[in-house]
*Asks:* 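Would you mind keeping the following structure in view while I ask a few things?
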Amino acid sequence: MKEGLVKRVSRIISASTNALLDSIESATPELIMEQAVREIDDAIGEVREQLGKAEASRYLSAKTLNDENRRHSALGEQIEIAVQEQRDDLAEAAIAKQMDIEAQIPVLEKAVSETDQEIHELNAYIGALQGKKREMREQLREYARASEHASNGTSGEQRGSSRATAEKVEQATGAFNRVLEKAGVPTSESSADANKLAELEELARSNRVKERLAKIKSRTEA
């Protein structure tokens, strides 16, 4: 993946949501959230483009590797026939071609392996960016609840300020969900199936956690 894109994704993932919340207090929530989500979506789009190129490259390398392996096997059969017919000249020519193929195969295998690694990394980046979206939405909701709770325990001007902040964060949460909905991402407010999908995702994650724990235990007991 391009170094510039790697840095961009890393910056988005490592960015603190607190900075976003500070901006919300002094700006229009809708604009702030649109900008934040747009940056994530743009990064996901670029990563997906790189992923498509990597998958195409992997396909071509794997196809060439398979073709060369088949040619090598076919030449082996032809060499046996040439030897049986006492045609050493033909056998030598086929052996020479086999040697050329043998020199290329490790390069092709390396290309496939490296592309597999790149594809894995690109998918991981996409997952991380999508996770950042979920994190932003959850932290906005948590901040809204905390701000509302704080406003209930204060008085006068402080209560008004806290409530205003909570209202802005609530607006930002709504804006965030609207932006996600425009991008085709289901939210709890926009899809009746979203809760089921979220539950399924959490179940899958829980199973992965249990599997990893089981592996750790098996290594410890060994």
Side-chain angles (χ1 to χ4, degrees), residues 1-14 38-134 183-186 193 197 200-222:
M1 190 163 66
K2 297 178 181 178
E3 184 178 356
L5 184 54
V6 171
K7 290 182 178 179
R8 182 181 177 191
V9 172
S10 299
R11 176 180 57 78
I12 293 173
I13 298 302
S14 61
R38 188 183 303 114
E39 184 171 19
I40 294 178
D41 284 339
D42 287 347
I44 290 177
E46 289 187 43
V47 176
R48 287 194 187 281
E49 182 179 354
Q50 292 296 316
L51 178 60
K53 292 178 180 179
E55 289 176 338
S57 176
R58 200 267 182 202
Y59 170 80
L60 292 175
S61 295
K63 183 177 183 302
T64 303
L65 176 60
N66 290 333
D67 289 345
E68 292 302 303
N69 278 322
R70 283 195 293 269
R71 288 181 62 196
H72 190 277
S73 297
L75 285 168
E77 296 175 358
Q78 293 171 6
I79 290 170
E80 291 182 4
I81 294 174
V83 170
Q84 291 172 3
E85 296 295 327
Q86 297 183 348
R87 293 293 306 272
D88 289 355
D89 57 329
L90 297 179
E92 289 176 358
I95 290 172
K97 188 60 180 177
Q98 270 192 329
M99 292 173 65
D100 289 340
I101 293 174
E102 289 166 2
Q104 297 175 46
I105 286 178
V107 177
L108 292 169
E109 289 176 338
K110 183 179 180 181
V112 171
S113 177
E114 289 178 347
T115 309
D116 281 338
Q117 182 178 353
E118 182 182 5
I119 289 172
H120 176 75
E121 290 177 352
L122 289 167
N123 278 314
Y125 276 119
I126 291 173
L129 287 166
Q130 291 172 336
K132 188 66 176 181
K133 269 189 179 182
R134 292 190 292 270
V185 180
D193 295 330
L197 293 175
L200 180 60
E201 181 180 351
E202 184 60 29
L203 179 61
R205 175 180 171 81
S206 177
N207 286 336
R208 291 195 298 270
V209 170
K210 291 179 181 178
E211 288 174 1
R212 183 174 298 186
L213 177 59
K215 289 181 180 178
I216 294 173
K217 287 183 176 179
S218 64
R219 289 200 301 267
T220 304
E221 295 171 355

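Positions are given from 1, in the same order as the sequence printed here.
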*Asks:* Rounded to the nearest 0.5 Å, how far does CD of Q117 lie from CG of L122?
*Replies:* 10.5 Å

*Asks:* Sequence neighbours excluded, which residues qualify as side chain to side chain donor-acceptor pair (under 3.5 Å) partners of E46?
*Replies:* R8

*Asks:* CG of D41 to CZ of R48: how many Å apart, nearest 0.5 Å?
*Replies:* 9.5 Å

*Asks:* Please list, chain by chain and in numerical order, all residues satisfying salt bridge (Lys or Arg N to Asp or Glu O under 4.0 Å) with D42, sequence neighbours excluded.
*Replies:* none

*Asks:* Holding to side chain to side chain donor-acceptor pair (under 3.5 Å), I want the full list of residues that pass it with K97, two or more places apart in sequence or in another chain.
*Replies:* none

*Asks:* Enumerate, atom names and distances included, each donor-acceptor pair closer than 3.5 Å involving a side-chain atom of residues 81-96, sequence neighbours excluded.
*Replies:*
unit_1: R87; atom_1: NE; unit_2: D89; atom_2: OD1; d: 3.1
unit_1: R87; atom_1: NH2; unit_2: D89; atom_2: OD2; d: 3.0

*Asks:* Test your reading of the model: is there a side-chain donor-acceptor pair from T64 to the backbone of L60, 3.5 Å cut-off?
*Replies:* yes

*Asks:* Compare every heavy atom of A43 with every heavy atom of V9, then report the nearest pair and how far apart it is.
*Replies:* CG2-CB, 4.5 Å

*Asks:* Please report, to 0.1 Å, the donor-acceptor pairs under 3.5 Å made by any side chain of residues 102-114, with sequence neighbours excluded.
*Replies:*
unit_1: E102; atom_1: OE2; unit_2: H72; atom_2: NE2; d: 2.7
unit_1: Q104; atom_1: NE2; unit_2: D100; atom_2: O; d: 3.4

*Asks:* For the atom pair CD (E118) and NZ (K53), what is the distance rounded to the nearest 0.5 Å?
*Replies:* 10.5 Å

*Asks:* Taking only residues two or more places apart in sequence or in another chain, which ones pass side chain to side chain contact (heavy atoms under 4.5 Å, CB included) with S73?
*Replies:* none

*Asks:* Sorted by first residue and then second, give each salt bridge (Lys or Arg N to Asp or Glu O under 4.0 Å) pair with at least one member in residues 60-75; sequence neighbours left out.
*Replies:* K63-D67, D67-R70, E68-R71

*Asks:* Taking only residues two or more places apart in sequence, or in another chain, which ones meet E55 in a side chain to side chain donor-acceptor pair (under 3.5 Å)?
*Replies:* none

*Asks:* Assess the residue pair Q98 and I101 against the criterion (side-chain contact (heavy atoms from CB on, under 4.5 Å)); give the C-alpha distance rounded to whole Å, side-chain angles, the decisive distance to 0.1 Å, and a yes or no.
*Replies:* CA-CA 5 Å; Q98 270 192 329; I101 293 174; 5.6 Å; no

